[in-house]
Amino acid sequence: MPKAASGKRGGKEIKRRSKKDPNAPKRGLSAYMFFANEQRENVREENPGISFGQVGKLLGERWKALNDKQRTPYEAKAAADKKRYEDEKQAYNAEESS
DNA sequence: TCCATGATTGTTGGG
DNA sequence: CCCAACAATCATGGA
């Protein structure tokens with residue numbers, strides 16, 4: 001029964017679905033997004049010519065290689081971005097009432 | 001009330 | 001143009 005295993009996010013069958021809502025209040029970015037934004041340059045700089053597969057995986061590895069304190073700045077960004085989403089959500093809620 | 005799921009975010013690089 | 005691993009997220013809804 002491939003239906004998630006309770007607490008843990010079960011699988012990895014993720015497939016982005018364009019938009020399903022009218023104004024689609026997109027969520028905020030994730031800490032990893034901000035981390036990638038900065039590391040992408042660094043990682044790619046140390047590995048010039050590597051494909052995304054290498055960068056992507058490598059990126060994720062060092063992402064966790066950081067300490068919670070190091071992720072803080074990224075998480076902070078994610079939190080700020082989330083707020084951004086809240087705003088969209090509000091507009092979405094307001095507009096929703098036709 | 002609680003859980004789970006879905007939708008989304010961004011990187012690179014290529015078919 | 002879209003997807004692919006990588007990670008987080010976290011708000012919403014369905015029971």
Side-chain angles (χ1 to χ4, degrees):
Chain A
M1 53 324 221
K3 276 278 188 302
S6 304
K8 289 181 195 161
R9 273 286 196 32
K12 52 190 188 284
E13 282 179 60
I14 44 136
K15 270 183 171 84
R16 61 200 340 248
R17 257 169 179 73
S18 303
K19 58 189 160 187
K20 64 171 186 61
D21 275 314
N23 23 27
K26 334 266 208 197
R27 313 181 36 279
L29 271 73
S30 168
Y32 187 82
M33 299 295 104
F34 306 101
F35 165 82
N37 263 280
E38 304 215 346
Q39 291 300 312
R40 114 207 117 159
E41 292 172 15
N42 168 70
V43 172
R44 235 188 130 226
E45 205 173 286
E46 291 198 48
N47 307 282
I50 67 175
S51 357
F52 157 58
Q54 278 48 253
V55 184
K57 287 180 182 180
L58 177 71
L59 206 54
E61 284 179 64
R62 10 194 324 142
W63 160 245
K64 287 186 186 161
L66 305 168
N67 307 315
D68 300 276
K69 187 182 176 152
Q70 276 65 101
R71 305 188 317 175
T72 288
Y74 308 103
E75 287 179 320
K77 276 265 197 188
D81 178 287
K82 169 199 156 280
K83 281 191 184 168
R84 191 96 225 118
Y85 164 80
E86 279 179 41
D87 184 79
E88 304 173 53
K89 198 176 44 137
Q90 266 179 69
Y92 168 72
N93 265 270
E95 211 182 296
E96 153 248 346
S97 53
S98 189

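We name chains A, B, ... by the order of the sequence lines, and we start the count at 1 in each one.
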(request) Select base, sugar-phosphate, or nothing to describe what A:Arg62 touches, counting heavy atoms under 4.0 Å on all strands. (result) nothing

(request) Figure out the CG/P separation between A:Leu58 and B:dG10, and round it to whole Å. (result) 21 Å

(request) Say whether, by atom type as modelled, one donor and one acceptor occur between the side chain of A:Asn37 and the main chain of A:Met33 under 3.5 angstrom. (result) yes

(request) Would you kindly compare A:Ser51 and A:Leu29 by the position of their nearest DNA chain B nucleotide and give the one closer to the 5′ end? (result) A:Leu29

(message) Are more than 12 heavy atoms, taken from residues, nucleotides or ligands other than A:Arg84, located less than 6.0 Å from that residue's CZ atom?
(response) no

(request) Write down the distance between CZ (A:Arg44) and C1' (B:dT11), rounded to a whole number of angstrom. (result) 10 Å

(message) Under 4.0 Å, heavy atoms only, any strand: does A:Glu75 hit a base, just the sugar-phosphate, or nothing?
(response) sugar-phosphate

(request) Hey, which sits more toward the 5' end of DNA chain B by its nearest nucleotide, A:Gly49 or A:Asp81? (result) A:Asp81

(request) Report the nucleotide, chosen from B:dT11, C:dA11, B:dG13, that has the shortest atom-to-atom distance to any side-chain atom of A:Arg40. (result) B:dT11

(request) Look at the side chain of A:Arg27 against the base of C:dT9 and say whether a donor-acceptor pair falls under 3.5 Å; ignore hydrogens and angles. (result) yes

(message) Evaluate A:Asn42 against A:Gln39 for side chain to side chain donor-acceptor pair (under 3.5 Å), listing each step before the verdict.
(response) CA-CA 5 Å; A:Asn42 168 70; A:Gln39 291 300 312; 3.2 Å; yes

(request) Provide, to the nearest angstrom, the distance between the CE atom belonging to A:Met33 and the C1' atom belonging to C:dT9. (result) 10 Å

(request) Using atom OH of A:Tyr74 as one end and atom C1' of C:dA8 as the other, report the distance to the nearest whole Å. (result) 14 Å

(request) Kindly point out which of C:dT12, C:dC6, C:dA8 is positioned nearest to the side chain of A:Lys57? (result) C:dC6

(request) Answer yes or no: does a side-chain N or O of A:Arg71 lie under 4.0 Å from OP1 or OP2 of C:dA8? (result) yes

(request) Counting heavy atoms from C-beta on, name the nucleotide in B:dT11, C:dA7, B:dG13 closest to the side chain of A:Tyr32. (result) C:dA7

(request) Starting from P on B:dT8, measure out to CD on A:Glu88 and report it in whole angstrom. (result) 11 Å

(message) Can you tell me if A:Lys89 touches the phosphate of C:dT12, counting only side-chain N or O atoms and a distance under 4.0 Å to OP1 or OP2?
(response) yes

(request) Would you indicate what A:Tyr85 reaches in the nucleic acid, counting non-hydrogen atoms under 4.0 angstrom: base, sugar-phosphate, or nothing? (result) sugar-phosphate

(message) Salt bridge or not between A:Asp68 and A:Arg71? Use side-chain N to carboxylate O under 4.0 Å.
(response) yes

(message) Nearest to the A:Phe52 side chain among C:dC6, B:dG13, B:dT11, which nucleotide is it?
(response) B:dT11

(message) Is a donor from one side chain sitting under 3.5 angstrom from an acceptor on the other, for A:Gln70 and A:Asn67?
(response) yes

